[in-house]
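Structure first, commentary second.
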Amino acid sequence: MINILTPVSQGTGVVLKAPLSGYILPLEQVPDPVFAQKMVGDGISIDPISNVLMAPCHGEIIQIHPSYHALTLKTPEGLEVLIHIGLNTVTLRGQGFKPKVKMGDRIQTGDPLIEFDIDYVALHAKSLLTQIVITNSDQVAALIPHSGNVIAGESVILELTLTAKVSENISTSNQTLTSDEIIIPNPAGLHARPSAVLANLAKKYQSKIRLKRGDQDANVKSVVALMGLEVNHGDRVVLIAQGSDAAAAIAELSDAIRSGLGEEGTPPMAAPASIAKLDIAAPPPHRRSDDPNLLLGVAASSGVAVGYTFRVREQEIKVTERGDNPNTERRKLETAIEQAKLEVEALRAKIHGQGDPSKAAIFAAHQELLEDPELMEIATSAIDKGNSAAFAWQQTFTNSAEELAKLHNELLSQRANDVRDVGQRVLRILTGVNSTQPIYPNNTILIAEDLTPSDMANLDRSKVIGFCTVAGGATSHVAILARSMGIPAIAGTEPQVLDLTDGTPVIIDGNKGSLQLNPTATEMEQVKALQIEIAQKRKADVANAMKPAITQDGYQIEVVANIGSKIDAETSVQLGGEGVGLLRTEFIFMDRSSAPTEDEQTEIYSSIAQVLGKEKPLIIRTLDVGGDKPLPYLPIPHEENPFLGERGIRVGFDRPEILRTQLRAILRAAASGNLKILFPMIARLEEIKMAKAMLEEEREKLNTPAVSVGIMVEIPSTAIMAEQFAKEVDFFSIGTNDLTQYTLAMDRGHPKLAPFVDGLNPALLKLIDLTVKEANQQGKWVGVCGGIASDPQAIPLLMGLGVKELSVSVPSIPTIKAQIRELSLVQCQELAQKALNLETGADVRSLVGAAHN
Ligand code: PEP
Ligand code: MG
């Protein structure tokens, strides 16, 4: 926010009245260093007993947080007063808060500003302590805090004397600074990722910051606006910042742009994901074919299939143009956006752990779009002109998407689809229109102008065998999803594909990027023969699924399932699963507004155990949230590095009642089957000792028999100290998803690093080797439940290193059992020893590939 200060003479005094009734606490005593160390500014804190925040003085609302737990007002003298209700209340996402004012409102002392549900906030936030601080404290010569009990709107809490410098400050705090010219080094210009990096850096600053190229400029805090500027490699730009921290902003952002926003010297990001591995030569979109029976496009996902076309049309949502009063409409939009964020978070969580970081990254990008200030600003200004929230939002995102689609930079233009996807999601919430799921015929090749990642997350996989879009390219998120689903896809297809009558027979070739219409019977037969071969292999694997996975030389490997629900457990048993190696209990905690009770959990765990019977193991992992798996009702304060912060068992120690409840539920359910407990994110020996002590305490209280205890080996320290850990537990389950990210120091969801986050990197194999050797020394067994346990190339290596149990994704159980039956353990051991001495993950993969052929 830019200061528009009125010059005042030295000695001008300002008095602030209590915004809430309660007891005054010195700021230093607030249990939050940001306030206690006066990083935000000087002031006081109130332990409140009233629930309507009142204006402490006259002024103007210059900032109101979207979660309504904090606002800033500016006094006529130019002081900026931040009032922050509670601690960590941002995580409540507005729940329990009702704003009574909006940005720009002029207020009088005692006016109601925010009403809040004092019980809800007390129960769900860290503290109710409410801070009143002067954020431009440099303009205060003297500050006298009052103490004791205060009454809202009546008692004085702060007496302030302003400095004479105020008038000088006007020029500095209001100044507009322009950077030197910066030449964009990024080979693909400021496409989505560097734009996101830049926008995130800029959001730290209060100043208004714009990026200017020629006579066009864009709000730097908005990814959408930055992408819309279509800044290319070699373009000359300047930054213009206006506000109190303009100088610092210009300095940091100029440097960041000059050094490539994290990607200088690297080739343009081919795709946000594993496309780098795919060797797809992407021809320009809309290649033309002279053959009327052949439509060309871009190879987006490999594979060939024969099927019948089915055109998908975007659901049209009708909206009314005029709205209620702007306050109500604005709030509707904000609530819908918050709801959309939760939905996207849930989608992210759903695909978490499927071992494909690129998919999670797509939804992370969607979350970024939902926080885009430019989209919000445009929509809000349309609302202020009397439009309904739905109309304003629809116009905003459609225009934005159209602008992006027009850009010449392919990486940028393909993000238009993502804007449309999140836009439609918010619109559906606003209008209450549910997305309708079409009924697809068998062997459907979906034809669409474009498909959104959300469309694809909800596809009927048993019917849809390929897709073909007019928009998009090999780098689109849809292409990434198609690859991860193993479905052939072509994008950027010639537009006449949209004119095909539903049911037209076609061969889709995702390797060549072509759609052959009305193929001859022989051609169809050839493709079908190939498909039949694959299907027969699958059928045979499924038919043999109940047989044990015994190697050619007579060793049995246990093949169990990674599950998240009772339905998964049922399917896993039908597909030959020999138990559950990992029940991710976080799925049981998700999609709800509060944690499941002890009784509810006991019932869920018992019912899963009953599906498996008395013999098959059910390994229940205690709640592993935090990192990229948030729970709305379990707020974890914002962290710079969530993957290195409160996650897994650390959350359990911080909120022992949650962990203890879960342990009691597991112990109570233990009688129903062969239950074992698995603790996640154990990094230090003290942690497993503490977790075991808690378990033992609860067990003694319940007087139930002991259960086996294991830990996830997913942090390098645990693998390195496997000898000591093995003495504490009954088994290890190696979580290669996290072990890989922590060993290589590469975020498992990072789109650019995705091709390198390979669990077959020899560094990982060495850690697995060490873990197994130390466990064996103590007579303990080791399983693997991370994504590589379902990777056919990893199986012989894991077996060769001595892993006894593979906990795999449910659909892959029959195939993996079949693969194991073809292998010889002795040969796997030889192969693993060779792999341990190789240099790179790619070397390891070629070694396995060569051994296979
Ligand atoms: C892992 O880290 O490998 C694992 C199985 O746990 P999650 O993917 O749930 O973090
Ligand atoms: Mg993990």
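The structure displayed is predicted, hence computed values, not measured ones. Start at 1 and go down the list; that is how both ligands and their atoms are numbered.
- When each atom of ligand 1 is checked for a heavy atom of Gly786 under 4.0 Å away, the hits are 3 (O), 5 (C).
- Contact annotation: the side chain of Pro814 approaches that of Arg538 to within less than 4.5 Å [non-hydrogen atoms, C-beta and beyond].
- Annotation for ligand 1: atoms under 4.0 Å from non-hydrogen atoms of Asp624 are 10 (O).
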Checklist entry - Could you go step by step and tell me if Thr585 and Gln662 meet the side chain to side chain donor-acceptor pair (under 3.5 Å) rule? => result CA-CA 9 Å; Thr585 56; Gln662 187 171 31; 3.0 Å; yes

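- Here the N, O or S atom of Glu714 that is nearest to the Mg ion (ligand 2) is OE1.
- Contact analysis leaves Gln741 out of contact with ligand 1, as no non-hydrogen atom separation drops below 4.0 angstrom.
- With a 4.5 Å cut-off on side-chain heavy atoms, Ile820 and Ile795 count as touching.
- Atoms of ligand 1 found under 4.0 Å from any heavy atom of Gly735 (numbered from 1 in listed order, with element): 1 (C), 2 (O), 3 (O).
- A donor-acceptor pair under 3.5 Å is formed between the side chain of Ser717 and the backbone N or O of Ala683.
- Ring geometry for Phe643 versus Tyr742: interplanar angle over 60°, hence perpendicular rather than tilted (30 to 60°).
- Near Cys785, meaning under 4.0 Å from any of its heavy atoms, are these atoms of ligand 1: 5 (C).
- Between Lys766 and Leu836 there is a side-chain heavy-atom pair separated by less than 4.5 Å.
- In terms of distance to the Mg ion (ligand 2), the nearest N, O or S atom of Asp738 is named OD2.
- Each of Leu678, Ile608, Ile619 was checked for a side chain to side chain contact (heavy atoms under 4.5 Å, CB included) with Leu583, and the lone residue meeting it is Ile608.
- The ligand atoms of ligand 1 that sit less than 4.0 angstrom from a heavy atom of Glu714 are 1 (C), 2 (O), 6 (O).
- Using 4.0 Å as the threshold, Arg647 has a heavy atom nearer than that to some atom of ligand 1.
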